[in-house]
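These notes concern the structure reproduced below.
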Amino acid sequence: MKRKQKRFLQMTLLFAVTLIFLPNIGLWSLYREKHLVKSAILGEQQAFPMGIGDGQLYPWTDGLKRKDWHDYESIQKDAMRSGKGEQGKPYPLTEEDHDDSAYRENGFNIFVSNNIALERSLPDIRHPNCKHKVYLEKLPNTSIIIPFHNEGWTSLLRTIHSIINRTPDSLIAEIILVDDFSDREHLKEKLEEYMARFAKVRIVRTKKREGLIRTRLLGASIAKGEVLTFLDSHCEVNVNWLPPLLNQIALNHKTIVCPMIDVIDHNHFGYEAQAGDAMRGAFDWEMYYKRIPIPPELQRTDPSDPFESPVMAGGLFAVNRKWFWELGGYDPGLEIWGGEQYEISFKVWMCGGGMFDVPCSRVGHIYRKYVPYKVPSGTSLARIRNVAANLCVDSKHGGTGTELRLDICVKDGSERTWSHEQLFTFGWREDIRPGEPLHTRKFCFDAISHSSPVTLYDCHGMKGNQHWSYRKDKTLFHPVSSSCVDCNPAEKKIFMNRCDPLSETQQWIFEHINMTVLEKFNSKKTSS
Ligand SMILES: *[C@@H]1O[C@H](CO)[C@@H](O)[C@H](O)[C@H]1NC(C)=O
Ligand SMILES: *[C@@H]1O[C@H](CO)[C@@H](O)[C@H](O)[C@H]1NC(C)=O
C-alpha cells in the first residue's frame, strides 16, 4: 500500500516535470510562444546570436529587415578618452569650487561645466542585453528640438556635441535650437557663429518670453522630420540612444517613447542612473510627478525591453510629428513647465496610443540645484513685507506645524531663489506655500481661528483653514474665520486678528507679484 502510494507520487512528479520542460509540448513551449508573440509586437530581438556589429541585415519574422545601429567607431573613440570628468566621472571639486556664484546663473556648477570637455565620454550603463539588440533597417528621421532660456554656454554646447557624436547622421533631419527670449550675450551672434559648423543646426527665437511649452511648440511648428524628439538644453545623450526610440515609433506610429533619464550631478557632473532606474511614471493628488516600481506582473522577461508607463516625466521624448499634431500638440496656454506631461500623456492613452520607456536609450540630464530664471507671469511672489514692521514673512524657522515668523527682508536680486525662505507662491488652489511655483514645499499657511497664530501645515488643497485672499486694502484675509493676518513687530509674531484695514500691522505688501494676475485672481473669487 505504502509503496504504491510512493510510486504514484513519483509518476505524478515525473509527469509534471515533463509538462513543464519538454521542449515542444510542455508548458515551457506555451510560455515561449507567448513570449515570442509579445516580443514580435514590441519589435525586440529575442535570443539573438552574439557577436554582431558587422553591418549585416537580419530578416525577422515580420518580414522587416533589422540591423545593428551601434557606431563602433565613436564608441571606441569615447573609450580612449581620459581626463577630468571623462567617462562620466565626477569632477574633482575643491572647497572654493562649491562657491555659490558658480551656481547663480544656471542653477548648476558652471565652473565644472567649463572645465570638462565638450565632447566628454560617458559610461555605457545600459542593460547588457542592449549591446545585442537590432532595430529596423529603415527608421524614420527626426527633428531634434531643444528649447532654451539663458542656458550656460558650455552646457548648451555639450548637449549639441553629444548629439552629433552619438547619433547616426542619417537619422537627424535637423536640430532646432529654440531660444525663449534669452538675454545673455553668448546666446546671440556668438551662438550663431559657433553653430554654423553644424549643417543641420537651426536657431529660431521667440519674440517675447513664452515659457517652455510655447517654445517647444514653436520648434515643433517649423520641424520637418518625420519624428519630433524633444530634449533639454543641458543634456548628454548616451551610446546608441536614438535608434531604439525611433524603432518603437516605426512599429506603431501612435506611440510616445521616452529614454531613461540619467542624472548628471549639478555639483560635479558625475553621470549615473536615477535611484531605482527603470520605474513607471505616476502622480499624486497634487499632480506632483513620481516614479513608482514596476509591478511584477508587468515586468518584462528581458528587462531591457521597452515597457509601458502611464505618464511621462516630461522633458525628453520622441513622437511621430503628424500624430503629435493630430493629438493637438500642447495646450498653448500652459506656462513654464510641470503640467504638460500629464496633458500629453492623457491624450495619448485616450486616443488609442501607447507610451513606452525604453531602457536601451539613455540620456543624461542636469537636475538643477534651483531654478535660476524668473517666471514669465503668474502667481509667484518674492516675499510678503509688513508695512508697520518693514519685516518679511519668513519660513526658515521650521517645517510643518511651526509658526510663521517675521524676519529681516532678504535683499532683492540673486536671493530670489527657492533655496531662500522668503519666497512664496499664491497658487491656483488659493493657498500660500513657501517656494517657487515649480518647487513649492508642501506646506501651506494655515490658521485655525480668528485669534490663532499662522502656522505652516501640510497642504490639503481643500481651502478651509488654508484659504487666503489678498485684498486691495493690503490685508491678507482668511475667509473661513473672517479675520485678517496681523503681526507683533517686536516679537516677530504673526497671528490672526479681527480685520482693521487702518492698522498698519495688518497691511502686507506682496512684492514682485504681477498685480494684474493677483487682481484677476481675487475678483474671480469674490464673484463665485
Ligand atoms: C526625412 O525623411 C523623409 C521621408 O523619408 C524625407 O522625405 C526627408 O527628406 C528626410 N529628411 C531629411 C533631412 O533627411
Ligand atoms: C502681468 O500679467 C499680465 C497678464 O498675464 C500681462 O499682460 C502683464 O504684462 C504682466 N505685467 C508684468 C509687469 O509683468
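Whatever order the structure lists ligands and atoms in, that order sets their numbers, starting from 1. Here the structure is a predicted model, which means the values were calculated and not measured. Only this structure's heavy atoms are used, side chains among them; waters, hydrogens and symmetry mates stay out.
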(request) Could you label the plane-to-plane angle of the Phe317 and Phe230 rings as parallel, tilted or perpendicular, counting under 30° as parallel and over 60° as perpendicular? (result) tilted

(request) State whether the side chain of Gln299 and the backbone N or O of Ile294 hold a donor-acceptor pair below 3.5 Å, judged by distance alone. (result) yes

(message) Quick check against the 3.5 Å criterion: does Glu226 have a side-chain atom that pairs as donor or acceptor with the backbone of Asn141?
(response) yes

(request) Between Glu174 and ligand 1, find which residue part has any heavy-atom pair under 4.0 Å and reply side chain, backbone, both or neither. (result) neither

(request) Answer yes or no for atom 14 (O) of ligand 1: protein heavy atom present at a distance under 4.0 Å? (result) yes

(message) Protein heavy atoms near atom 2 (O) of ligand 1, is at least one of them under 4.0 angstrom away?
(response) yes

(request) Could you tell me whether Lys138 atom NZ has more than 12 heavy atoms of other residues or ligands within 6.0 Å of it? (result) no

(request) Please say whether the positively charged group of Arg197, taken as NZ for Lys or CZ for Arg, lies over the ring of Tyr194, i.e. under 6.0 angstrom from the six-membered ring centre and within 45 degrees of the axis. (result) yes

(message) Give me the nearest non-hydrogen protein atom to atom 5 (O) of ligand 1 as residue plus atom name, then the distance to 0.1 Å.
(response) Glu226 OE2, 3.6 Å

(request) Around atom 6 (C) of ligand 1, find the nearest protein heavy atom and jot down its residue, atom name and distance. (result) Asn141 ND2, 4.2 Å

(message) Under 4.0 Å from a heavy atom of Ala173: which atoms of ligand 1 are those, numbered in the order shown and with their elements?
(response) 13 (C)

